[in-house]
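This chain uses plain numbering: 1 for the first residue, then up along the sequence. Start at 1 and go down the list; that is how both ligands and their atoms are numbered. This structure is a prediction, so every number in the text was calculated from the model and none was measured.
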Amino acid sequence: MTRFHSLQNLPATVAKPGYDRDAAGIGIVHIGLGAFMRAHLAVYTDDALAAAGGDWRITAIGLRSRDAIDQLNDQNGLYTLLVRDAETAGRVIGSIADAIHAPSDPEAVLAALAAPSTRIVSITITEKGYGIDPATGGLDVNVPAIAADLASDLSAPQSAVGLIVAGLAQRRAEGTGPFTALSCDNLPENGHILKRLVLDFARRRDGDLADWIEANASFPATMVDRITPPQTEKTLADARALVGADDRAAIETEPFSQWVIEDDFCAGRPAWEKGGAVMVTDVRAYERMKLVMLNGTHSMLAYAGHVAGHKFVRETMADPDLKRLIDRHMRTAATTLDAVPGIDLDQHREALLARFANPTIDHPTYQIAMDGTQKMPTRIFDATLAAIDKGTDTQSFAFATAAWMAYVKGAIDGAYAIRDPREAELLSVARSAASPEALLNALFALPGFVPDALKSHDVFRKTVLLRLRVMLEDGMRAAITREAAAI
Ligand code: CS2
């Protein structure tokens with residue numbers, strides 16, 4: 001079968017980009033070439049180009065493996081997006097022009113960041129890619145890529161923050177205007193966090209540069225949402241069947257998609273609202289809703305589900321007891337929220353339950369379980385503190401916290417790897433814990449992890465310990481059944 005690389009000879013059933021790719025210039029540099037970006041930002045941009053034109057095609061930058069980069073470049077940036085529902089629909093996305101592997105071609109990366117045509121630098125690097133110091137919220141100078149960049153001449157930055165500062169420094173030196181740095185990751189006030197880290201990094205090197213960035217560049221916050229499982233052999237086989245060629249960059253996703261964006265762009269932006277994006281002045285309510293109702297529930301079901309033997313999210317929804325806990329978690333999370341403009345939280349919960357149950361999506365619980373030390377604070381602990389403040393129920397947050405601890409214990413017993421940037425620390429503090437209480441104390445004591453107000457909250461600790469004891473002594477299955485029976 002020929003390799004997929006052009007829009008010619010595509011079956012009529014496959015939607016194509018609605019614009020002339022060659023006529024549209026590049027205006028976005030995107031750091032982090034994962035499946036999520038290809039199912040989200042690249043699709044909104046494809047729609048914006050079709051509806052309103054402009055030079056907004058994307059140069060993608062990969063910081064780690066070069067696989068996705070080679071796959072895309074061998075296909076002129078084209079790839080198939082499979083949308084999984086009762087029927088699987090296929091669409092070819094044309095918004096990515098090319099891709100660069102930063103470790104092997106730093107000059108090309110800096111040239112792209114400094115190019116006057118580049119007006120937006122967007123990023124999807126997951127929570128751990130930002131180099132946030134969990135204790136201060138500032139830059140973590142102990143993160144190897146950050147430390148290396150701070151000590152270097154920035155000719156080959158390894159971190160996203162380093163790349164953004166290097167690009168802005170070169171633009172300032174060359175008299176080119178700033179770009180907008182656009183965070184598209186699951187962090188509360190993600191753009192504002194990015195701004196803080198970029199200014200922290202720049203100020204450590206050049207105070208004038210930091211002042212220039214603060215005065216000229218913009219860092220809007222965004223809420224991003226689309227469940228995007230990893231590419232599998234089935235993804236590739238279905239894409240081949242749909243486009244009639246060998247597409248190695250195909251990805252799959254769900255029909256639902258949401259993007260709420262703080263409309264603060266210092267050098268213009270694509271008409272993303274033509275693709276359904278919502279432009280607002282304040283994203284915080286939407287972000288909080290997303291982080292605690294979707295991502296928080298994901299973390300709870302991922303730890304309980306993975307330890308109980310459920311491979312995919314849809315399987316946790318087919319488990320009647322766990323489904324009750326999932327519904328409860330969303331309801332509990334919703335009680336911690338203030339009103340979200342235009343959103344009925346009950347309808348939102350119903351829609352989330354349907355998305356999680358989508359029988360055509362193989363979203364691994366083990367994938368969601370990754371990076372717990374980066375996810376639990378914003379998804380579970382912040383919500384717990386909000387519930388305590390509001391005097392609402394925290395049982396589900398206690399269950400989620402205990403489930404994460406049971407997941408860590410399972411890794412100590414060798415069942416699987418934890419997959420967490422603080423894995424070594426977790427294993428060393430937890431390995432010697434001889435009882436559920438000792439394990440809880442050791443994990444609660446992890447520096448910069450559990451907020452102090454929660455660490456010292458005896459009632460919450462007790463409710464976590466009660467559940468952890470059942471999980472470790474009777475097993476996760478028994479814990480899920482007992483918890484569901486008590487609702
Ligand atoms: C998931 C998210 O892996 C995870 O942590 O909770 O990737 C989630 O699927 C997306 O945020 C959905 O928009």
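Residue Asn295 places at least one N or O, backbone or side chain, under 3.5 Å from an N or O of ligand 1. Residue Asn186 places at least one N or O, backbone or side chain, under 3.5 Å from an N or O of ligand 1. Taking only nitrogen or oxygen atoms, main chain and side chain alike, Arg379 reaches within less than 3.5 Å of ligand 1.
For the ring pair (Phe, Tyr, Trp, His ring centres under 6.0 Å) criterion with Phe381, the lone passing option out of Phe449, Phe444, Trp404, Phe397 is Phe449. The side chain to side chain donor-acceptor pair (under 3.5 Å) test with Asn186 is passed by exactly one of His298, Lys290, Lys375: Lys290.
Aromatic ring centroids of Phe312 and His363 lie 6.0 Å or more apart. For an aromatic pair to be called close, the ring centres must be under 6.0 Å apart, and Trp259 with Phe36 fails this. You'll find the ring centres of Phe399 and His329 outside the 6.0 Å limit. Annotation: His192 is not in aromatic contact with Phe219 [ring centroid separation under 6.0 Å not met].
Shown in contact with Arg226 at under 4.0 Å from a heavy atom are these atoms of ligand 1, numbered in order with element: 12 (C), 13 (O). With ligand atoms numbered from 1 in the order given, ligand 1 contributes 9 (O) to contacts under 4.0 Å with heavy atoms of His363.
When only modelled atom types and interatomic distance are considered, Trp272 and Thr45 share a side-chain donor-acceptor pair under 3.5 Å.
When only non-hydrogen protein atoms are considered, atom 4 (C) of ligand 1 lies nearest to Lys375 NZ, 3.5 Å. Distance from atom 1 (C) of ligand 1 to its nearest protein heavy atom, with residue and atom name: His298 ND1, 3.4 Å. The shortest contact between atom 13 (O) of ligand 1 and any protein heavy atom is with Asp225 OD1, 2.7 Å.
Heavy atoms of Gln258 come nearer than 4.0 angstrom to ligand 1 in no pair at all.
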